[in-house]
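When reading the values below, keep in mind they use all heavy atoms of this one structure, side chains included, and skip hydrogens, waters and symmetry mates. The chains referred to below are lettered A, B, ... by the order of the sequence lines, with proteins before strands, and numbering in each begins at 1.
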Protein chains: 2
Amino acid sequence: MPRSNAGTKGVPRADREAQILVAATRLFGTLGYAGTSVAAVAEPAGISKPLVYSYFGSKEGLYSACLRRAGEQLAVEMEVIARSGVVGLERGLRTLEGVFDLLEPQPWVWRLIFDPTAPAEGEVAEVMATYTARITALAEEGVGELAALVGISDPLDVSALVRVWMSIFDALVGWWVDHPDQSAEAMTARCVRLFTGVTGADLGTVLA
Amino acid sequence: MPRSNAGTKGVPRADREAQILVAATRLFGTLGYAGTSVAAVAEPAGISKPLVYSYFGSKEGLYSACLRRAGEQLAVEMEVIARSGVVGLERGLRTLEGVFDLLEPQPWVWRLIFDPTAPAEGEVAEVMATYTARITALAEEGVGELAALVGISDPLDVSALVRVWMSIFDALVGWWVDHPDQSAEAMTARCVRLFTGVTGADLGTVLA
DNA sequence: GAGGTAACTTACTCCAAGGTCATATTGCGA
DNA sequence: TCGCAATATGACCTTGGAGTAAGTTACCTC
């Protein structure tokens, strides 16, 4: 019998890294960057703090790794939908639908990307800026098209409207996270009802 | 000449408290609760840290005091507008207008009330909940009325729509904070254009 | 002008959390 | 089977910021 708990347990680095990322993503997404300690990540991952540092270097490094995985997933999902040819309000809806599906098993991931408690400088800020920029670009595309259609042409108006749209998106995801009994499908249907009610548009065929 | 810097400077407690609150509100609203240290508040107020503790008891006590002042101002402003008889989308606009005016000299106050880095328990959380509840009640009133008009009756749909509305409000204030060159009046006009564009409603008379 | 009190500061304590070091165990190739 | 690299940890160092103890100065009243 070993005299200490140290020593390898036969788990390869890649596997451990994956385990740590899962635990960290969940905690960061739930408690926020500032509210999560590295020790609190190590515990559910079943390992000790120094191993986390050995693999990810720092708390920021750990967060960046989580961010890259989650951000890539979300950005790709949204980009695929944007390139699928759907336009107008329906494009917004389809994007919501895709995000709801993606987030269904791990809704806390959303907060990761827009966490206001994350550091405003350094590596984390840069990675966040990358994904925020990719997502914002898509929003600008969609909102810009829609704005032109209803006669909103002033660039500052469009800029504000982009912000509003992203905020609506965030609010709907946030509401959903607070109502875990609602399925992704039900959420999409809800969005259709709300959009229809507010804009008067016809989105009846979206739920095919 | 005095041998130390200690000793009264003849400033009455009420005056000092007011100075401290001004400095604290600005810092909390800019850097957030978590990002602001009590020492950082003391410095621009021109005093030392223990005096802050002597007057406000704790960092939470200090934040609560800021919150009460700011929250009361905002809640009263919004309640007055709500009771003034204006209805429908115009009520939303008038509320935005009132908040823009109130915030013009101190836009950072907005973030104070919805600061996500504030503690989730204890006195601060309670005070925040109080004002959030007052403001949410007004939103529910206004949104509920509007929702009924466009045939949205499911309580969960209304609940989600309330969240969306508050988020739009927050986005518009946030955009404005990021564009300090825009006057409160210009912002109100912008909101009229956006609302008109998105909903198709006629708000032409609002800018009287 | 003596003393009580309000206003004020210096110099600490304490703790949580980020980060590091020295060391222990085991799998595996030569 | 020998030894090295990879995996792992307990114990430690360090820092920043919340909070406090004890003392200093000045105003105000009698």
Side-chain angles (χ1 to χ4, degrees), chain A residues 1-21 23-24 27-28 31-66 117-125, chain B residues 1-21 23-24 27-28 31-66 117-125:
Chain A
M1 179 175 165
R3 312 174 55 244
S4 106
N5 281 332
T8 181
K9 283 160 188 141
V11 181
R13 173 166 184 158
D15 292 11
R16 269 284 187 253
E17 284 185 350
Q19 290 170 15
I20 296 171
L21 281 182
L27 281 169
F28 281 135
L31 271 32
Y33 178 87
T36 303
S37 74
V38 176
V41 169
E43 205 224 85
I47 49 141
S48 67
K49 198 173 55 156
L51 194 60
V52 178
Y53 279 95
S54 160
Y55 285 169
F56 294 96
S58 66
K59 186 181 180 182
E60 288 211 23
L62 176 59
Y63 193 77
S64 300
C66 295
T117 75
E121 294 175 359
E123 192 195 348
V124 167
Chain B
M1 180 174 166
R3 312 173 55 245
S4 104
N5 279 334
T8 181
K9 282 159 189 146
V11 181
R13 174 165 183 157
D15 291 11
R16 270 287 187 248
E17 283 185 350
Q19 290 172 12
I20 296 171
L21 281 182
L27 280 169
F28 281 136
L31 273 29
Y33 178 87
T36 304
S37 75
V38 176
V41 170
E43 205 224 85
I47 49 147
S48 68
K49 195 171 56 152
L51 194 60
V52 177
Y53 278 94
S54 159
Y55 286 168
F56 294 96
S58 65
K59 186 180 178 181
E60 288 211 23
L62 176 60
Y63 193 77
S64 300
C66 296
T117 76
E121 294 174 2
E123 192 195 349
V124 167

### Query
Could you give the distance from OG1 (Thr117(A)) to OH (Tyr33(A)), rounded to the nearest 0.5 Å?
8.5 Å
### Message
Would you compute the distance between atom CD1 of Ile20(A) and atom CG of Leu62(A) and round it to the nearest 0.5 angstrom?
### Response
7.5 Å
### Message
So, taking the atom named NZ in Lys49(A) and the one named NZ in Lys59(A), what distance separates them when rounded to the nearest 0.5 Å?
### Response
11.0 Å
### Task
Working to the nearest 0.5 Å, report the span between CZ of Phe28(B) and CG of Leu21(B).
10.0 Å
### Task
Go along nucleotides 3-20 of chain D 5' to 3' and tag each nucleotide: B for a protein heavy atom under 4.0 Å from its base, S when only backbone or sugar atoms are that close, - otherwise.
----BBBB------SBBB
### Message
Suppose we screen for side chain to side chain donor-acceptor pair (under 3.5 Å). Which residues come up paired with Gln19(B), at least two apart in sequence or across chains?
### Response
Arg16(B)
